[in-house]
Peer 1: 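After the structure tokens below, expect a handful of questions from me.
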Number of protein chains: 2
Amino acid sequence: MDKPNSQDRVDTEARILEAARLVFFKQGMAGARMQDIANQAGVNKALLHYYFRSKDKLFQTIFIQAFQTMLASFKEIIVSPVGIREKLEAFIHIYISNMRQNPYLPLFIINEINKNPDSFPKQLIPQHNQVDLRQLFVQAQKEIEEGKIAPFKPLHLIMNVLGMSIFTFIAKPMMVQMLGINETQYETFLNEREEQIISFVRSALNPS
Amino acid sequence: MDKPNSQDRVDTEARILEAARLVFFKQGMAGARMQDIANQAGVNKALLHYYFRSKDKLFQTIFIQAFQTMLASFKEIIVSPVGIREKLEAFIHIYISNMRQNPYLPLFIINEINKNPDSFPKQLIPQHNQVDLRQLFVQAQKEIEEGKIAPFKPLHLIMNVLGMSIFTFIAKPMMVQMLGINETQYETFLNEREEQIISFVRSALNPS
DNA sequence: GTCTATAACAGGATAGAC
DNA sequence: GTCTATCCTGTTATAGAC
């Protein structure tokens, strides 16, 4: 019944990864404890080392996968052949709905890059990402010159949209503490959020 | 010459606090090392315990002071007897210029609240803060009804402004990694930032 | 008040039985 | 493949001399 087979291996490894994600996302690399991850996964501490050799290796696995999840959200938008407004709105839509499943993801990534900018895995920055982004800037500039949108500098425009979207998730604990908001109220806030950001941006972009 | 006196005490304590701020801001509670703080302050590790008893106590001191610095930036605005537009613009102005001196502050605070929402020092939420904030919401709602500004829900409006402002500092390492931006380019970005956010918000708030 | 030396402990990692 | 037991390093904290 307990005969180990390749299916067990997959299951255990997956359970560990899931547990590691939970703990690392919440606590960060420095704050996470292998013991916590093991408990969370319902396995022995030694097993983590059996599967991933070291805390650092396990962390790398989680981080890289998380970063790619994040990138995927971005990527999905940039390439499609529509106007800047549509791209921004699509981004807000996709980002807000994706991150509802992973509310800790944005803060986790920002944090770990911040603490360790040097050891950022180079494999994670394929050349074409930067190219795609620059394309987006060019497109924005063009639409400004054509009078389609109000003249905000493209980089700032993007940062505005990113800031409003990402802050939605990052700020939850702050809202709880400073505004005394509870879980239900935050849910309501989340439900309105996409529409509110989109209409805010839409209003800002109207050429005067 | 080396006779200890109360001035020495003040100096040493201040040097330790300054060093602790540096290390904690960058590394967080979990990532910080007492040894690093001692080195940074140019004193012996044991001295930290002499002055602050434990790492946790030292951290609390830093965190509380940091949080109050942050609150002060907010407070400065909310009370003045001007319109919502003016308040939001004043906030953006003050926040961007204040945080240039403390770029790590916002992320530090958000992070530590996130990791330890339970042990949040209650002394840091005086009743009147929440009252002041609710006042702001009321004022926004009133100006909407008077047709002075476009009808965005007050909470979302505030979160939009906060998000764009705070993300400016939080996202620096991400910009470096993903856009390949360097120090000079980030400086340029910072210099434009206040004006860009303000005109974005102004444009969004115009009643249609 | 400041230092050196060391105790006490936490946490990552490995050996070896099953 | 999974567990128990143990090692070993790094880190907080204290004792005690100056």
Side-chain angles (χ1 to χ4, degrees), chain A residues 1-64 108 111-112 115-116 118-119, chain B residues 1-64 111-112 115-116 119:
Chain A
M1 199 177 209
D2 270 349
K3 183 167 66 104
N5 55 32
S6 67
Q7 187 53 47
D8 284 355
R9 177 174 185 106
V10 170
D11 287 353
T12 306
E13 190 167 335
R15 285 229 314 288
I16 293 176
L17 279 171
E18 184 52 33
R21 221 184 327 271
L22 233 67
V23 176
F24 278 133
F25 278 17
K26 189 86 186 289
Q27 305 296 339
M29 168 64 178
R33 298 286 163 259
M34 293 296 265
Q35 186 63 60
D36 296 342
I37 297 175
N39 292 346
Q40 181 70 40
V43 300
N44 191 278
K45 213 174 39 154
L47 259 198
L48 306 190
H49 288 95
Y50 173 79
Y51 279 100
F52 297 96
R53 260 196 94 75
S54 71
K55 181 184 178 184
D56 201 69
K57 288 267 202 320
L58 178 53
F59 175 79
Q60 288 301 323
T61 309
I62 298 297
F63 180 81
I64 289 174
F108 169 73
N111 252 318
E112 298 300 331
K115 298 210 173 116
N116 234 322
D118 309 315
S119 72
Chain B
M1 201 178 210
D2 270 348
K3 184 166 65 106
N5 56 33
S6 68
Q7 187 54 47
D8 282 356
R9 176 172 186 107
V10 170
D11 287 354
T12 306
E13 190 166 336
R15 285 229 315 288
I16 293 177
L17 280 171
E18 183 52 32
R21 219 183 330 269
L22 233 66
V23 176
F24 278 133
F25 278 17
K26 191 83 186 288
Q27 305 295 340
M29 167 64 178
R33 296 287 162 259
M34 292 296 264
Q35 186 64 62
D36 296 342
I37 297 175
N39 293 345
Q40 182 68 40
V43 301
N44 191 279
K45 218 178 26 159
L47 259 197
L48 307 191
H49 288 95
Y50 174 80
Y51 279 100
F52 297 94
R53 256 198 100 72
S54 71
K55 181 184 177 182
D56 201 71
K57 290 266 201 319
L58 178 54
F59 175 79
Q60 288 301 325
T61 309
I62 297 297
F63 179 82
I64 289 175
N111 253 318
E112 298 300 331
K115 298 206 174 121
N116 234 322
S119 73

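Each chain gets a letter, A, B and so on, in the order the sequences are listed, and its residues count up from 1.
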Peer 1: B:Tyr50 side chain: which of C:dG12, C:dT2, D:dT14 is closest?
Peer 2: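 Within the option list, the nearest is C:dT2.
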Peer 1: Using the side-chain hydrogen bond (donor to acceptor under 3.5 Å, both in side chains) criterion, which residues pair with B:Asp56? Sequence neighbours excluded.
Peer 2: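 Not a single residue meets the side-chain hydrogen bond (donor to acceptor under 3.5 Å, both in side chains) criterion with B:Asp56.
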Peer 1: If we count only N and O atoms by modelled type, under 3.5 Å, do the side chains of B:Glu112 and B:Asn116 hold a donor and an acceptor together?
Peer 2: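 B:Glu112 vs B:Asn116: no donor-acceptor pair found between side chains.
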Peer 1: Not counting sequence neighbours, which residues clear side-chain hydrogen bond (donor to acceptor under 3.5 Å, both in side chains) with B:Asn44? List them please.
Peer 2: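 Expected list: none.
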Peer 1: Of all the choices, C:dG12, D:dT14, C:dG1, which nucleotide is nearest to the side chain of A:His49 once you look at every atom?
Peer 2: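 Within the option list, the nearest is C:dG12.
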Peer 1: Run the ring pair (Phe, Tyr, Trp, His ring centres under 6.0 Å) test against A:Phe25 and tell me which residues pass, sequence neighbours left out.
Peer 2: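 Listed in chain order: A:Phe108.
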Peer 1: Does anything in residues 37-48 of chain A come within less than 4.0 Å of DNA chain C? Heavy atoms only, and list the residues if so.
Peer 2: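 Correct list: A:Lys45, A:Ala46.
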Peer 1: Return the nearest nucleotide to the side chain of A:Ser54; candidates are C:dA13, D:dA13, D:dT2.
Peer 2: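 For the A:Ser54 side chain, the nearest candidate turns out to be C:dA13.
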Peer 1: Does anything in residues 17-34 of chain A come within less than 4.0 Å of DNA chain C? Heavy atoms only, and list the residues if so.
Peer 2: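 Within residues 17-34 of chain A, the residues near DNA chain C are A:Ala32, A:Arg33, A:Met34.
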Peer 1: Could you name each residue pair satisfying salt bridge (Lys or Arg N to Asp or Glu O under 4.0 Å) that touches residues 19-41 of chain A, not counting sequence neighbours?
Peer 2: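 Listed by first then second residue: A:Glu18-A:Arg21.
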Peer 1: Mind checking whether A:Leu17 and A:Phe52 have side chains closer than 4.5 Å, heavy atoms only?
Peer 2: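 Sidechains of A:Phe52 and A:Leu17: in contact.
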Peer 1: Taking side-chain contact (heavy atoms from CB on, under 4.5 Å) as the test, write out the residues that go with A:Ala30, two or more places apart.
Peer 2: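 Partners of A:Ala30 by the side-chain contact (heavy atoms from CB on, under 4.5 Å) criterion, ordered by chain and then number, come out as B:Ala30.
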Peer 1: Identify all side-chain donor-acceptor contacts of residues 57-64 of chain A below 3.5 Å with residues at least two apart in sequence or on another chain.
Peer 2:
unit_1, atom_1, unit_2, atom_2, d
A:Thr61, OG1, A:Lys57, O, 2.9

